[in-house]
Structure formats: structure tokens, C-alpha cells
Amino acid sequence: MKKSHPLRRIVLAGAATVSGIVLLLSLKPASDPAAASADGASQQQPAAPQGSGGVQAAGGTEAQTLTGDVVKTDYGNVQVRITVAGGKITSAAALQSPTGGRSTQVSTDAVPKLNRAAVTAGTADIDAVSGATYTSGGYKKSLQSALDKAGAAGAAGATGGGSAEASGTGGTGGDASGSGAGAGAAQAKTVTGKAVTTDYGPVQVRVTVTGGKITKAEAVQQPKGSRSDQISADAVPKLNAAAVAAGNADIDAVSGATYTSGGYKESLQSALDQAGG
């Protein structure tokens, strides 16, 4: 074939083109930039938070379900069960309440109100339900005993935490140096004053003192029967509130409840004396 033949030129041009393509392919980077970019993006994705399920589980374990003492009343037993979470009452229920005849109707009306009052107040210092004085009194006592159990469990936890801190600092001054929630909880004291006899019945007061202040007050005993039930139901909540507000036994007597007020103040003072207040 002649050098100037057109076909020869076409063949040579085709061969040159193929050689160029092969050369370009041989020079291409080993890794594809697009693929590398995709891999880099996937590696930079933030990792899912570790232990989030565990945190929720730990939070759940803070809830305590506690059952109060069985309290006998003239119309039957009352027993309360509560759930406490984060230091607050989140639910309350009566496991036992007076039943039979008129008592069933009274309990059906009173217990739901008492349950709601316990959750709202967060303490056993709740008002008696009208027409259910005995049930209300038994409910409050059982509720307080359940709260006492919750406080005892919290104090045990605080003691354990204080021991650990003390061992880390040579085992001395654990309580004095503790500034956490455990140390604060350990300062709470619940003390019961002496029973004071009045012309209408005994009066006895129980208080909780935290940081040198009265944080809760209630009457463990109060005059009962006939007119006394109504007087106590009106006067005792006012006296409880006055004790917390004043922080001492120097509180005014409730009008129409002179004897109950006098006995309350005397028992309150004896409780404060025991607490060192």
C-alpha cells in the first residue's frame, strides 16, 4: 500500500487515537474522587449518643413505690400506697378503705379526693374530706408512714454516699464537707412531740425540720367525737400551716379551738426541743 494512500492515513489515525485513550486511562488516579468523597462523608457522620437508653433506665429506677401502715379506724382499715419520683408524690392509691353500708359510699367519694390531695400537696398535710373524718384521718396517718419509709430509703442512700466521700478524704469530716443533695437530705429530722391532754382529748404534733426550719407539721392526735371532729378538722390544718410559716411554737390560737390550739402549741414546742430547735 502506498504511503499516500487514503486508507493508510485512516488506519494510522485510528491507531494513534487508541494509543492516546490507553495512555489517558493509565494516568487516571487509582481512587475515584467521587467515591472518596462519599466514603469521607460516611466516616464523618456523628456517632449516635452512647448510653442514652441507660440514662432513661437510671432515671426510671429513681421511682419508689411504698406502702404505708394499716391504720384502724372506727369504720374499718385504711392503707395507702404511693409512688415517689424525684422527691415528689406522683401517684397515690388506697389499698384498703372502710366498706359496707354507708362506708362504701363515703369511701367511694372521699378516697379519690384524698389521692388527688396527696399528689398535689406532696405531704400528708392534707385537708380532711367533709363527711369522711375517720377515713381522712386514717388515710393521712398511712400516707405519712409511707412517706417516712421513702425518707428512710433516701437517708440510707445519702449515708452511703457520705461514706464514700469520707473514705476519699481520709475518713474525716465527711458530713461537714459534703455539699451535695445527700448531705442536705441527711439534715432533715422528723420528730414527734409529747401527747398533751386537753379537756376535749389528747393533742400530739409531729414535725419535720430541715436546715433548722420547720418544713412540715401535722397532728398525730387531735380531739375527736361529736363537735370536736368539726373543730379539729377546721383548726388543725390552720395550726399546721401556722407552724410552718412561723418556724416555732409561737403561733396564734385558732378561734373556737382554744384547747386544741393550746395543746398543739405545747406538743409542737416539745417536738422542737427534741429537734434542737
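Treat the numbers as computed from the prediction; the structure is a model and nothing was measured.
Hydrophobic clustering of Ile, Leu, Val, Met, Phe, Trp and Tyr side chains at less than 4.5 Å, counting indirect connections, keeps V220 apart from V196. Placement of L147 and V78 within a single hydrophobic cluster is found when ILVMFWY residues are connected by side-chain heavy-atom separations under 4.5 Å, directly or transitively.
Between the side chains of D273 and Q269, a donor-acceptor pair is found at a separation under 3.5 Å. Of the N and O atoms on the side chains of T104 and T99, not one donor lies less than 3.5 Å from an acceptor on the other residue. Using a 3.5 Å distance cut-off with no hydrogens or angles, the side chains of T190 and T208 do pair a donor with an acceptor.
Judged by distance alone, with hydrogens and angles left aside, the side-chain atoms of S270 form a donor-acceptor pair with the main-chain N or O of K194 at under 3.5 Å. Side chain of K265 to backbone of I251: a donor-acceptor contact under 3.5 angstrom is found. Using a distance-only test at 3.5 Å, with no hydrogens or angles considered, a donor-acceptor pair links the side chain of T123 to the main chain of D125. Put simply, the side chain of S228 never gets that close to the backbone of P223: no donor and acceptor are under 3.5 Å apart. A donor-acceptor pair is defined here as one N or O able to donate and one able to accept, closer than 3.5 Å; no such pair exists between the side chain of D234 and the backbone of Q230. Put simply, the side chain of Q274 gets close to the backbone of T192: a donor and an acceptor are under 3.5 Å apart.
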After noting the C-alpha distance and the side-chain angles of L114 and I126, does the key distance pass the side chain to side chain contact (heavy atoms under 4.5 Å, CB included) rule?
CA-CA 8 Å; L114 292 167; I126 56 178; 4.1 Å; yes
Under the salt bridge (Lys or Arg N to Asp or Glu O under 4.0 Å) criterion, do K149 and D69 qualify, and how do the steps go?
CA-CA 10 Å; K149 293 176 184 178; D69 297 339; 3.7 Å; yes
Stepwise side chain to side chain contact (heavy atoms under 4.5 Å, CB included) check, D127 with V129
CA-CA 6 Å; D127 292 336; V129 175; over 6 Å; no
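Under the 4.5 Å side-chain criterion, counting only non-hydrogen atoms from C-beta, V106 is in contact with R102. Using a 4.5 Å heavy-atom threshold, the side chains of L272 and I214 count as touching. Counting heavy atoms from C-beta outward, R206 and D148 have side chains that approach closer than 4.5 Å.
Closest non-hydrogen pair, T210 versus A188, comes out as OG1-CB, 3.5 Å. In this structure, Q204 and S267 approach most closely via the heavy-atom pair CA-OG, 3.4 Å. Residues L95 and T67 come closest through the heavy atom pair CD1-CG2, 3.7 Å. Taking each heavy atom of P98 and Y75 in turn, the nearest pair found is CB-O, 3.3 Å. Across A94 and N115, no two heavy atoms sit closer than the pair N-OD1, 3.9 Å.
To the nearest 0.5 Å, the span separating NZ on K224 from CD on Q222 amounts to 6.5 Å. Between the CG atom in N240 and the OH atom in Y264 there is a gap of 3.5 Å [rounded to 0.5 Å]. K140 contributes atom NZ, which lies 7.0 Å from atom CD of E218 (distance to the nearest 0.5 angstrom).
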